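The next block holds one structure in the form of structure tokens; read it before the comments.
The first residue in the sequence is number 1, and the count goes up from there. All values derive from a computational prediction rather than experimental measurement.
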Amino acid sequence: MEAQYHRQMIQEVLAAHFSTADLKTITRANLGQDSLWGLLHPAYHFDDSLFAKGEAYIAGQRQTAVTAITTRQERTAALQALGRLLHTRQDFYAHSNWVPRWAEAHGGPGQCRPEDIAICPDATAVPGLISGTSSIHLYVLYRVPLLGPLLKRVYFPPYTHEAMNLDYPGRGPLFPFALAAATKHTQVELDLLLAELQAKGGETAVNRFLAKE
């Protein structure tokens, strides 16, 4: 998704738990996934149907956060890991066909509400799930003034990221569904991290992460 929507979800879900400074740290790490380095790693965005790698990346970042709090007491590193894993989880709903499939199963976007959309607990367990293929070359070329729009008219392959994404409202009526699902899953990811901190380090670890100690 575009940066403003990642920011919006972080603010909506996390503002009740973290300070303004913490939110900036989380947001900076989240948006950093869209750097050139991040774009070269499609699993960071659930692109190329790399669902197993995307789930593994999220789990790894969650473990990084837990370890940072429980063994090294490096709270900033934990906040950054949360930001990174949230970006990946949020992008799943904008880059895969989960949202179109859910909406179609419920009569189309005109017959259902974004707030009712279900989240996907495990992207590796859904038959027929796909996400757009990534291409740094197309990403750059499509954004060249004058050339980009022309190229899209003559060369716009289906099942690419550019063809499938729901990154912003201009992508059509399914965008609010992607945003709603990604926001719901942002809360789930926070809850999962807090639960793992509780299991590994007890209330002390949770309070340290939330800066309540």
query = What do the steps show when you test E74 against T67 for side chain to side chain contact (heavy atoms under 4.5 Å, CB included), and what is the final call?
reply = CA-CA 9 Å; E74 294 179 356; T67 300; over 6 Å; no
Transitively linked via ILVMFWY side-chain contacts under 4.5 Å: [X] with [Y]?
{"X": "W98", "Y": "Y57", "result": "no"}
{"X": "F92", "Y": "L166", "result": "yes"}
{"X": "V66", "Y": "L79", "result": "yes"}
{"X": "I119", "Y": "F177", "result": "yes"}
{"X": "L194", "Y": "L86", "result": "yes"}

task = Quick one: do E115 and K184 satisfy salt bridge (charged side-chain N to carboxylate O under 4.0 Å, His left out)? Show the steps, please.
result = CA-CA 9 Å; E115 57 265 34; K184 286 183 182 181; over 6 Å; no
task = Please lay out, stage by stage, how K200 and E196 fare under the test side chain to side chain contact (heavy atoms under 4.5 Å, CB included).
result = CA-CA 6 Å; K200 296 292 179 62; E196 193 154 342; 3.7 Å; yes
inquiry  = Assess the residue pair F46 and S96 against the criterion (side chain to side chain contact (heavy atoms under 4.5 Å, CB included)); give the C-alpha distance rounded to whole Å, side-chain angles, the decisive distance to 0.1 Å, and a yes or no.
reply    = CA-CA 7 Å; F46 276 112; S96 74; 5.9 Å; no
inquiry  = Set out, in order, the CA-CA distance, both residues' side-chain angles and the distance that settles ring-ring contact (aromatic ring centres under 6.0 Å, His included) for H161 and H45, then state yes or no.
reply    = CA-CA 10 Å; H161 166 76; H45 313 278; 8.2 Å; no
query = salt bridge (charged side-chain N to carboxylate O under 4.0 Å, His left out) between R171 and E162: does it pass, once the steps are laid out?
reply = CA-CA 10 Å; R171 294 297 297 162; E162 297 294 336; over 6 Å; no
Contacts of type side-chain contact (heavy atoms from CB on, under 4.5 Å), residue K24, not counting sequence neighbours = T20, R28
request  = Run the numbers on D22 and R75 for salt bridge (charged side-chain N to carboxylate O under 4.0 Å, His left out), then give the verdict.
outcome  = CA-CA 10 Å; D22 290 343; R75 185 167 177 272; 2.5 Å; yes
task = For the pair H87 and Y44, evaluate ring-ring contact (aromatic ring centres under 6.0 Å, His included) and give the outcome as yes or no after the intermediate values.
result = CA-CA 8 Å; H87 185 102; Y44 291 4; 8.9 Å; no
note = Looking only at heavy atoms, the pair that brings A163 and P158 closest together is CB-CA, 4.2 Å
inquiry  = Using every non-hydrogen atom in the two residues, find where A205 and I69 come nearest and quote the distance to one decimal.
reply    = O-CG2, 3.5 Å
request  = Might you work through the side chain to side chain contact (heavy atoms under 4.5 Å, CB included) test for W102 and C120, ending with a clear yes or no?
outcome  = CA-CA 10 Å; W102 184 91; C120 177; over 6 Å; no
